[in-house]
Amino acid sequence: MTTGSSRTSSPTTDSGGISTFKGQDRALRADRLGTTGLLLSVLAATAPLMVVAGVMPTTFGVMGIVGQPLLFVILGLVLALFSVGYAEMSRHVHNAGAFYAYISRGLGGTAGAGAALVALVAYNALQVGIYGIFGFEVSGLFATYLEIDLAWWIPALLAALVVGALGWLKIDLNARVLGVLLLIEVVLVVIFDVAALGDPGPEGLSLHAFNPDTLSGAGIGTALCFCVAAFLGFEQAPVYAEETSRPHVLVPRVMFLAIGGIAVFYTVTCWAYTVATGPDAVVGTAQEQSAGMLFFLTEGLVGDTFTDVLHVLFVTGMFAAMLSFHNVVARYAFAMGREGLLPAAFGRTSSASGAPGTGSLLQTVVALAVVSAFALADDKPTGDPTAPVLHLFTWMGNVGALGVTVLMATASVSVVVFFVRRGAAGAQMWRLTAAGLATIALLVIIGYTVKDFDVLVGSGPDSALNWLLPGIIALALAVGLLQGLVLRSRKPEAHARIGLGNEAFQLEKAAGTTDR
């Protein structure tokens, strides 16, 4: 595979003679991220405190699933299986388009175009959705500590502007910002874990939450949908491949570190919830306290001061997640602009920082527009967490999670096709088996997500939202596929370059490389 030096010398071509080099302004700046910076950028998107304070109590309370810690173990294994093939693909393809680049290499440029638009819509939805809960939490802090009534959309819009400004800056600065916030979050949650396990509830250090019997019932599939969203972020590592010194080494390493770390962290913390309240009382406590469950428990276990700090870090953790998702959206837009799937202006980087400035601007405009629309629709009094504040969070979050899960399943299929077509099936057999198993598991989760979307967004069984919201992903896929077909018909050279990025890909290496 060509090295970073080719970016500044001569154009690179693949075996078919297709030039994909478009100049230094079409290349992300290499060697800007090492293992630590990449890992922190990826983990920040998982928003650990938001998951601990939001997702876990919701799953306990809404689904009534005591065995949620076991769900995190199961999902960790499923996503580890997915990462086996995904990581191997990352050794061969270094492209900021990540998902759609991988899919185009296995399933063709038309499928890649469809995946590109799904990725752009899904990650935008995930990023924008956080502004709803962020604005509400910030307004709550102002009301509690400063006795100031502040409409939720004011801090949400201000945050969108700040995130957009940081998106223009260098990625290593962003990595430091994300890293500091992330590490503080993790330390505080670990303190809660230690306090809960050191001072258990009436049932002691019970392991009942890991009993498979706790996963019986009709709500398991929906609970999986809730929990899979908690892991989203680990799959972003390949998006930064062009900005690392050794992407074939660093990207797989970071993905597996992220999956393992997230799975262990969430499993232990979720178990600490059941220990603090007792397995028999965890569902009832979650139903009573809702998103305040973590803070309710820390007041008794660690004290008011710790809980106050936790409230503040809850907000900064959400900011870190917004910034991380913003960076990913900007890079997808950059990759799509570079390959003709968006206007060419999106395929250029900032001369000052080397960041994808136009893509960053696009994401900021989308965020401001969506938050403004929800703000205009808000006729509730300040401090009321009902529509559209939480709707922005739940609607967009679940749309985004569905889109990313669809991309993971499709990417797993693409991995199998990619290596089989290149005669590497024998050498890669165990990786292809893992990808196949991951595909089946992810399709099951997708099926439950669509089937139970009314539960996920709280819309009711007869609401039009049950098909309108998942329909956003279906529409993005349809429009992307149509764009791919049009390109194949009218601009076959542009269609042939989908997924190739700024460096031509040497196809023969896929079959000629021995099993790694």
Side-chain angles (χ1 to χ4, degrees), residues 50-51 53-68 71-72 74-75 78 118 121-133 136 214-232 282-284 286-293 370-371 373-374 377-380 384-409 441-478:
M50 187 168 69
V51 171
V55 174
M56 291 180 186
T58 300
T59 306
F60 279 129
V62 176
M63 295 294 100
I65 303 295
V66 176
Q68 188 181 171
L71 286 182
F72 282 113
I74 294 170
L75 282 171
V78 169
V118 169
V121 169
Y123 282 114
N124 259 300
L126 286 168
Q127 200 270 358
V128 173
I130 301 174
Y131 284 111
I133 192 69
F136 174 69
T214 60
L215 297 183
S216 59
I220 297 302
T222 313
L224 279 170
C225 303
F226 271 114
C227 294
V228 75
F231 283 86
L232 295 186
V282 68
V283 170
Q287 291 171 342
E288 180 181 345
Q289 299 295 330
S290 187
M293 183 177 180
V370 175
V371 172
F374 275 81
D378 189 2
D379 59 354
K380 305 295 181 182
D384 189 334
T386 56
V389 182
L390 293 186
H391 282 174
L392 176 58
F393 176 63
T394 56
W395 293 0
M396 294 298 100
N398 282 292
V399 167
L402 173 61
V404 175
T405 309
V406 168
L407 289 171
M408 286 195 287
L442 290 167
L443 287 175
V444 170
I445 293 173
I446 291 169
Y448 275 115
T449 301
V450 175
K451 171 180 171 291
D452 297 334
F453 214 82
D454 61 319
V455 179
L456 293 172
V457 299
S459 58
D462 300 322
S463 174
L465 291 173
N466 301 339
W467 57 270
L468 282 174
L469 291 175
I472 293 173
I473 298 301
L475 180 62
L477 177 60

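If you read the sequence from its start, that first residue is 1, and numbering goes on from there.
- The closest side-chain heavy-atom distance from L402 to I446 is below 4.5 Å.
- With a 4.5 Å cut-off on side-chain heavy atoms, L232 and M408 count as touching.
- Residue I65 is tested with T214, L224, L215 for a side-chain contact (heavy atoms from CB on, under 4.5 Å); the sole match is L215.
- For C225 against I445, the heavy-atom pair with the smallest separation is SG-O, 3.8 Å.
- With contacts defined as side-chain heavy-atom distances shorter than 4.5 Å, the pair N398/L469 does not qualify.
- Between the CD atom in E288 and the CE atom in M293 there is a gap of 10.0 Å [rounded to 0.5 Å].
- The aromatic rings of W395 and F374 stand perpendicular to each other, their planes meeting at an angle above 60°, with 30° marking the opposite boundary.
- Listed here is the closest heavy atom pair of A230 and V51: CB-CG1, 3.5 Å.
- The shortest distance between side-chain heavy atoms of M50 and I130 falls below 4.5 Å.
- Taking both residues in full, the closest heavy atoms of A286 and P57 are given as CB-O, 3.5 Å, listed atom of the first, atom of the second, then distance.
- The two atoms that bring G403 and I473 nearest to each other are CA-CD1, 3.7 Å, heavy atoms only.
- Summarising the geometry of A401 relative to L126, their closest heavy-atom pair is N-CD2, 3.8 Å, with the distance given to 0.1 Å.
- Within the 4.5 Å cutoff, side-chain heavy atoms of C227 are placed close to those of Q68.
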Under the criterion side-chain contact (heavy atoms from CB on, under 4.5 Å), I'd like the reasoning laid out for Q289 against F60: C-alpha separation, chi angles, the key distance, then a yes or no.
CA-CA 11 Å; Q289 299 295 330; F60 279 129; over 6 Å; no
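- Nearest heavy atom pair, residue L465 against residue F453, reads O-CD2, 4.4 Å.
- D454 has its side chain out of reach of S463: every pair of non-hydrogen atoms, C-beta onward, lies at least 4.5 Å apart.
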